[in-house]
Novice: 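The structure follows.
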Amino acid sequence: MSNNHQEAYKELIKRSREVHLIGSCASVLHWDEQTNMPPAGSEYRAEQSAYLAGLAHSKAVDPKIGELLDVLEKSPYMNDEYSDEAVNTREIRHEYDKEVKIPQELVEEITRVTTISQAVWIEARKENDFKKFLPHLEKVIKLNLQVAEHLGYKKEPYDALLDNYEPGATTESTGKVFDGFRSELVDLVKAIGESSKKPNMAIIEQNYPVDRQKLFGQSASAAIGYSFQAGRLDISAHPFTTGLGPKDTRITTRYNPNHLGQAFFGTMHESGHGIYDQGLDEAHHGTPRGDSVSLGIHESQSRMWENLVGRGKAFWKHFFPRAQQMFPENLSNVSLDDFYFAINDVRPSLIRVEADEVTYNLHILLRFEMERSFLRGEVAAKDIPEAWNEKFKSYFGITPPTDADGCMQDIHWPAGYIGYFPTYTLGNLYAAQFFAKAKDDIRYLEDQFAVGNFSELFQWLRSNIHVHGKKYRAEKLVEVVTGKPLSHKPAMDYLRQKFGELYDLK
Ligand code: CO
């Protein structure tokens, strides 16, 4: 039986593809639900989605998969830890263990509790009544701790939860990078706040016809490399990207008739996610080797195109004359410099999802620290508002006037997602480190942007990141691509340089 492991591998891949196939059907339903479905269809859609989720779960926890993994883990495939076979074995094991370690009753309890807590949260937020939300938040925290116990962790429960969203990341290493980032970031935000230079926001905050916003966003999306042959752009209340199959990755955005930036940068963001999914290796479709690395790496791709490219001066050297042509009533008397400043406005604000490129990260660092301390039991759930406001004041210089605009603003906790937030800032840090390396590797990169050429950066991302799938964990990928471990320095250098110029800082 010398070919035992080859047979086992074939069988494992067949099963992985089947689970993935079911998941992709569920994604089609979800896309439809968010973009086209009539409201009355929601009840039956919930039944369809639950059926597919149950089917996928039952296939994914089949003990046969455990047996196949046991065979493969002792096979010669493991001699090279980055061979396709070893990578798929490692990652399918990671998923399988997660699926089987958490008891079915706990999964059902979490679904029940978070369904109720989200409904209560919507009301509690409207009424600014944290006490109403508190008992549900307490349950969510307790259940998350139970999940962590079942999954197991090295140092603290938060490790297990973080690993759910960013495989391989630990609280300690993430905390170290974030700590370095925080103090420098707080100083930068303060310096920007004290600068007397302020952009004229009326430039982008005025009526921009939606039909033309749509054309303009689409043209930018296509220019940076998102393929409309294998994708499409639709409207949804909450913008998202979904990969439905090897040649079908869809993105959505939403239009504000009184703001140019929201849909445009939203489209750039989702295009970055879409370009990543479109660049995954089709030969490995339905297996980890053909799947994205992590939420953080996914976010690095969206943030790179949205911010490092899309909010850059070079990008607008090319696109601003086109914006003026598209929106002559709005922009014909505006200079490139004034426009560029308006799309890069930085100011402390209460709401994370509306935050700019600089302050956004402080919102995330605060949430990461809050989660860490309530999971460790250092802050009781009932004391979260006070702890939140205190931190907020020290980072942003302002105190949230209400809990609704403070610790109750995000859906993550009511939905049960503890450990998710750090992936946003990890995404920004990865993006800055990748981009700095791309600028080293590609001569005159930003001069290319200025003439509308984005293909070299696109190809660089394809060959350095997209085609690898899950070959490397995020931490390792950063080292392989940039030659250095993750650091806050490239992000800080980038922010200081860009906003130092804009705000005349010393
Ligand atoms: Co994103």
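Whatever order the structure lists them in is the order used to number ligands and atoms, beginning at 1.
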Novice: Does NZ or CZ of Arg372 come closer than 6.0 Å to the centre of the six-membered ring of Tyr158, within 45° of the ring's axis?
Specialist: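 No.
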Novice: Do any of the N/O/S atoms of His298, backbone or side chain, fall under 2.8 Å from the Co ion (ligand 1)?
Specialist: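 Checking His298: none of its N, O or S atoms is under 2.8 Å.
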Novice: Is the Phe315 to Phe319 ring centre distance short of 6.0 Å?
Specialist: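 Yes; Phe319 has its ring centre under 6.0 Å from that of Phe315.
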Novice: For the Co ion (ligand 1), find the closest N/O/S atom belonging to His273 and write down its atom name.
Specialist: NE2
Novice: Can you tell me if CD on Glu172 sees more than 12 non-hydrogen neighbours from other groups inside 6.0 Å?
Specialist: no
Novice: Tell me whether the count of non-hydrogen atoms from other residues, nucleotides or ligands lying under 6.0 Å of NZ in Lys139 goes above 12.
Specialist: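 Incorrect, the count does not exceed 12.
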Novice: Any N/O/S atom, backbone or side chain, of Glu299 lying under 2.8 Å from the Co ion (ligand 1)?
Specialist: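 Looking at Glu299, which is the residue asked about, there is an N, O or S atom under 2.8 Å from the Co ion (ligand 1).
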